[in-house]
J.: 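Quick one: the structure is below, questions incoming.
Here is how names work: the chains are called A, B, and so on, in the same order as the sequence lines, proteins then strands, and each is numbered from 1.
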2 protein chains.
Amino acid sequence: MTRKLTQRGRDRRLQILREAARLFSERGYHPTSVADIVASLKVGKGVFYWYFPSKEELFVELLRGAHQDLRRRQQAAIGDEPDPVRRIELGIRASMAWFHEHRSSFNLVQFAATEERFAPVVRHNREVAIADAVRHIKDGIVEGRIADQDPGVLAEAVVGVTERLAQAYLLERDEPVDQVADAAVAFCLRGLMG
Amino acid sequence: MTRKLTQRGRDRRLQILREAARLFSERGYHPTSVADIVASLKVGKGVFYWYFPSKEELFVELLRGAHQDLRRRQQAAIGDEPDPVRRIELGIRASMAWFHEHRSSFNLVQFAATEERFAPVVRHNREVAIADAVRHIKDGIVEGRIADQDPGVLAEAVVGVTERLAQAYLLERDEPVDQVADAAVAFCLRGLMG
DNA sequence: GGGCGCCTTGACCGACCGGTCAATCATCTT
DNA sequence: AAGATGATTGACCGGTCGGTCAAGGCGCCC
């Protein structure tokens, strides 16, 4: 049941999504009330419920949107690169850049994973992300460039390193993206090597 | 201001801590009310506030307690092992075992990191954990066994891999601890190698 | 101008939540 | 037996939150 929206309406919608993401990320999902969001936008409460059926659904949309956006960014960066190891490197670098530009999305996912209602969405998103990485890793194993171990485990490890370094050095310490990406790539490629 | 407690009282306290951890982990912190906790224990609400000043403080105690417990476990496992690389391996294995036995603590920390009020505690705990790992990594670099890179970055990477594999394979897929630990150690040691 | 449909307002509602407290019970000490 | 003190009860309170809705404005087309 999607509403008919004019251009003005679509803008408003995006405005709410962005502001909600910002506030959820800064204060947390539960401590941020719908009243906070609309007050921050200087509009009435009804505006929120004109564009979204509930606070919960808006949050799920944020989760799905972030995942889609990150994934598109990774795919764009990888393009048609034939070397699987290089594809992984490009994926890591693209993720770092995206995390840097979408700091708020980080906390959202981390919170969502801890709440029954949102965990399924996070799990699904993660499975997709891992499946993407697994494809390149399998290719690398076939070429003998990557250790012959469970590709799923290797993929989780790579994602773990990337996200952890992003959180610690990009978000908390605000270090240069390239430098952090270099470190992540160096560690991961060594870790993958056969 | 700590209360005088009899043995019975100390037991009750622990009972509340354990039950709260379980419920927070299963449903999330905010969706779990104090009423839920005491109802699950079949006691009156006053019992909770006899032992804890607030829901918030109980949660902080859970965070600090988990960190202390995990750290002790790591230190016990490492003992006086002289080889720094082996110390890191023992630390990873001890962490895996601890995560396996304290599944509920995982979600708590992850949630706490996303909420303003608890984030400082999480950050402090993380700094201590990283500082521990950094010591061994520095030793390894001096011995030429570990790549000469920022030890802090390497430590974060190792912790990232360990926690991610623990979450994905221990908690979500319930695979054997040793197997997951082996995979984490293999990836991390290769990643650290010079 | 007049009507129609997108958009906005904000008072209001029922539910729930964290926390309090006067009263009572239980157990140990003297 | 009689306090004293630890431990427990659950009704109650003020406040907040997600969500509703009747009413009204705003822009566009006939």
J.: Would B:Tyr29 and B:Phe118 count as a close aromatic pair, with their ring centres under 6.0 Å?
T.: yes

J.: Sequence neighbours excluded, which residues qualify as side chain to side chain donor-acceptor pair (under 3.5 Å) partners of B:Asp148?
T.: none

J.: Summarise how protein sits on nucleotides 12-30 of chain D as a single string, 5' to 3': B when a protein heavy atom is under 4.0 Å from the base, S for sugar-phosphate-only contact, - for no contact.
T.: -----SBBB----------

J.: Between atom CG in B:Asp11 and atom P in D:dG6, what is the gap in whole Å?
T.: 17 Å

J.: Please work out if B:Phe52 contacts a base, only the sugar-phosphate, or nothing of the nucleic acid, heavy-atom cut-off 4.0 Å.
T.: nothing

J.: Side-chain N or O of A:Arg12 versus OP1/OP2 of C:dC6: is the shortest distance under 4.0 Å?
T.: no

J.: Please determine whether the number of non-hydrogen atoms from other residues, nucleotides or ligands lying under 6.0 Å from atom CZ of B:Arg64 exceeds 12.
T.: no

J.: Do NZ/NE/NH1/NH2 and the carboxylate oxygens of A:Glu156 and B:Arg164 come within less than 4.0 Å?
T.: yes

J.: For D:dA7, take OP1 and OP2 only and decide whether either is under 4.0 Å from a side-chain N or O of B:Trp50.
T.: yes

J.: Quick one: do A:Glu127 and A:Arg123 make a salt bridge, cutoff under 4.0 Å?
T.: no

J.: Whole angstroms only, please: what is the CZ-C1' distance between A:Arg13 and C:dC7?
T.: 15 Å

J.: One thing to verify: whether B:Arg173 and B:Glu175 come together as a salt bridge, which I'm taking to mean a side-chain N less than 4.0 angstrom from a carboxylate O.
T.: no

J.: Could you tell me whether B:Val47 contacts a base, only the sugar-phosphate backbone, or nothing, with contacts defined as non-hydrogen atoms closer than 4.0 Å?
T.: base

J.: Can you tell me if the side-chain N/O atoms of B:Thr6 get under 4.0 Å from OP1 or OP2 in C:dT27?
T.: no

J.: Between P on D:dT8 and NZ on B:Lys42, what's the gap in Å once rounded to a whole number?
T.: 16 Å

J.: Without decimals, in angstroms, what is the distance between B:Ile37 CD1 and D:dT8 P?
T.: 16 Å

J.: Tell me whether the rings of B:Trp98 and B:His102 are parallel (<30°), tilted (30 to 60°) or perpendicular (>60°).
T.: parallel

J.: Give the rounded distance in Å between these two atoms: CG of A:Leu41 and C1' of C:dG10.
T.: 16 Å

J.: For A:Leu5 and C:dT8, what is the distance between atoms CG and P respectively, to the nearest whole Å?
T.: 10 Å

